[in-house]
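Basis for what follows: all heavy atoms, side chains included, without hydrogens, waters or symmetry-related copies.
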Amino acid sequence: MMVSEYFSKLVELSIEEKNLIDNGFELKSFSKGDFPLRSGEVCESEFFVKKGCLKNYYIDFQGNEIILSFAIEHWWIGDFESFNRRTPSKMFVEALEDSEVYTISYNKKQQLLKDIPQLERAYRILLERHLQNYQERIYSVLALSAQERYERFLEKYAKLVQCVPQYSIASFLGVTPETLSRIRAKQAKK
């Protein structure tokens, strides 16, 4: 899927606008273990996953990896604060498997937003979806049991179970790998 196809599902775009969008994005390949973004760097691009799986995370004061989100095919990932404010990132983006990702620089994005007014609306819709997902994630971590968080994860992110290591899922859920193993064993008995 080209990026313009994704945006066309959110707003109506002309052929010319679709071409402008597709020409504004660059396709890059990352091997498993590559870091499109490292902590301390300014996030120079937003990433739209064409193929593969990536995660973004930070390292806490105890040296633990805290996963904020995953991205598979047709999902977005990056450090949006660093990207928009042009400040050093606090997080990493890492490829969990060989991946192809469309990237767009800050300046190219701003030019596209200026040239294609409908794209502003598409990004607003996208932002609303991201905010809803983050709000749901915060609620899940604060209000649900580990078992309930895992069940929601399986419902919402079934595709991720195939490409994300269990220790990463545990980090995302805010539990230890051992706790996740117990939850999975308990669920398998049901």
Side-chain angles (χ1 to χ4, degrees), residues 1-59 65-137 156-157 159-160 163-164 168 172:
M1 171 185 281
M2 299 292 288
V3 182
S4 64
E5 292 175 63
Y6 176 85
F7 284 123
S8 291
K9 293 179 179 184
L10 303 175
V11 295
E12 192 171 323
L13 297 167
S14 70
I15 303 245
E16 180 182 300
E17 290 169 333
K18 289 177 185 178
N19 288 334
L20 281 172
I21 291 169
D22 290 334
N23 289 330
F25 282 81
E26 180 182 347
L27 185 62
K28 292 187 178 180
S29 295
F30 296 102
S31 298
K32 179 179 180 176
D34 283 353
F35 288 87
L37 176 65
R38 292 181 185 270
S39 179
E41 300 173 349
V42 173
C43 184
E44 297 296 340
S45 300
E46 286 183 340
F47 307 104
F48 179 75
V49 181
K50 178 180 180 185
K51 182 181 97 175
C53 183
L54 296 96
K55 65 179 176 179
N56 72 345
Y57 64 94
Y58 67 92
I59 305 296
E65 183 180 291
I66 308 298
I67 297 178
L68 299 173
S69 65
F70 297 104
I72 57 174
E73 186 176 307
H74 307 152
W75 290 12
W76 295 86
I77 197 164
D79 181 339
F80 302 108
E81 178 183 11
S82 173
F83 180 78
N84 288 305
R85 292 188 177 178
R86 316 306 307 139
T87 57
S89 178
K90 299 175 194 92
M91 64 183 71
F92 297 84
V93 173
E94 180 181 352
L96 292 175
E97 59 187 29
D98 293 347
S99 301
E100 291 182 357
V101 179
Y102 288 107
T103 66
I104 188 165
S105 71
Y106 179 82
N107 290 335
K108 282 187 182 177
K109 179 182 174 185
Q110 296 309 310
Q111 187 62 51
L112 283 177
L113 292 172
K114 182 180 170 190
D115 294 342
I116 308 169
Q118 277 292 87
L119 198 56
E120 283 272 2
R121 182 166 187 275
Y123 268 104
R124 180 186 54 78
I125 293 167
L126 180 62
L127 178 62
E128 288 171 354
R129 288 179 180 176
H130 279 283
L131 287 173
Q132 290 164 6
N133 285 333
Y134 277 114
Q135 185 175 10
E136 182 180 319
R137 177 150 158 64
K156 189 165 184 173
Y157 304 113
K159 292 180 186 177
L160 286 174
C163 63
V164 175
S168 292
F172 180 78

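Listed for the N56 side chain is a donor-acceptor partner under 3.5 Å among the backbone atoms of S69. Judged by distance alone, the side chain of R137 and the main-chain N or O of Q132 form no donor-acceptor pair under 3.5 Å. Judged by distance alone, the side chain of N84 and the main-chain N or O of E81 form no donor-acceptor pair under 3.5 Å. Remark: the backbone N or O of C53 is paired with a side-chain donor or acceptor of S99 at under 3.5 angstrom. In this structure, the side chain of D34 does not engage the main chain of A95 through any donor-acceptor pair within 3.5 Å.
Salt-bridge annotation for R124 and E128: present, with a side-chain N of the basic residue lying under 4.0 Å from a carboxylate O of the acidic one. Remark: E12 does not engage R121 in a salt bridge, criterion side-chain N to carboxylate O under 4.0 Å. Salt-bridge annotation for E73 and K159: absent, with no side-chain N of the basic residue lying under 4.0 Å from a carboxylate O of the acidic one.
Taking all atoms of both residues into account, the shortest heavy-atom contact from L37 to C43 is CD1-CA, 3.7 Å. The shortest heavy-atom contact between A71 and I77 is CB-CB, 3.6 Å. When all heavy atoms of Y58 and K90 are compared, the closest pair comes out as CB-O, 3.5 Å. When all heavy atoms are compared, the tightest approach of S4 to D22 is OG-OD2, 2.7 Å.
I125 is not listed as a side-chain neighbour of L127, based on a closest heavy-atom distance of 4.5 Å or more. Between P88 and E41, the closest side-chain pair of non-hydrogen atoms is not below 4.5 Å. No side-chain heavy atom of V101 sits less than 4.5 Å from a side-chain heavy atom of P36. Within the 4.5 Å cutoff, the side chain of E65 has heavy atoms near those of the I67 side chain. K50 places a side-chain heavy atom less than 4.5 Å from the side chain of L27. With a 4.5 Å cut-off on side-chain heavy atoms, K18 and S8 count as touching. Counting only heavy atoms from C-beta outward, the side chains of I72 and C163 approach each other to under 4.5 Å. In this structure, the side chains of I21 and I104 stay at 4.5 Å or more apart for every pair of heavy atoms.
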Would you check, one step at a time, whether the test ring pair (Phe, Tyr, Trp, His ring centres under 6.0 Å) holds for F47 with W75?
CA-CA 8 Å; F47 307 104; W75 290 12; over 10 Å; no
Walk me through whether F83 and Y106 qualify under ring pair (Phe, Tyr, Trp, His ring centres under 6.0 Å).
CA-CA 7 Å; F83 180 78; Y106 179 82; 5.7 Å; yes
Could you give me the CA-CA distance, side-chain angles and deciding distance for D79 and V42, then say whether side-chain contact (heavy atoms from CB on, under 4.5 Å) is met?
CA-CA 9 Å; D79 181 339; V42 173; over 6 Å; no
After noting the C-alpha distance and the side-chain angles of Q135 and H130, does the key distance pass the side-chain contact (heavy atoms from CB on, under 4.5 Å) rule?
CA-CA 9 Å; Q135 185 175 10; H130 279 283; over 6 Å; no
Apply the test side-chain contact (heavy atoms from CB on, under 4.5 Å) to residues V49 and H74: give CA-CA distance (whole Å), side-chain angles for both, the deciding distance (0.1 Å), then the verdict.
CA-CA 5 Å; V49 181; H74 307 152; over 6 Å; no
If you apply the rule side-chain contact (heavy atoms from CB on, under 4.5 Å), what do you find for E100 with S29, and how did you get there?
CA-CA 4 Å; E100 291 182 357; S29 295; 3.9 Å; yes
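Ring geometry for F70 versus F172: interplanar angle of 30 to 60°, hence tilted. By the 30° and 60° cut-offs, the orientation of the rings of F48 relative to W76 is tilted.
For the atom pair Q118 CD and S14 OG, the distance stands at 10.0 Å (nearest 0.5 Å). Within the model, atoms CD of E120 and CG of L113 stand 4.5 Å from one another, a figure rounded to the nearest 0.5 Å. In this structure, the separation between CD1 on I66 and CD1 on I59 is 8.0 Å, given to the nearest 0.5 Å.
There is a side-chain donor-acceptor pair under 3.5 Å between Y57 and E94. Counted by atom type alone, Q111 and N107 present zero donor-acceptor pairs between their side chains at under 3.5 Å.
Enclosure of atom CG in L131 by more than 12 non-hydrogen atoms of other residues, nucleotides or ligands within 6.0 angstrom is indicated. The number of heavy-atom neighbours closer than 6.0 Å to NZ of K156, taken from other residues, nucleotides and ligands shown, is above 12.
Aromatic rings of Y123 and F7 (six-membered ring for Trp) have centroids within the 6.0 Å cut-off, being under it.
Checking K108, E46, E26 one by one against T103, the side chain to side chain contact (heavy atoms under 4.5 Å, CB included) holds for a single residue, E26.
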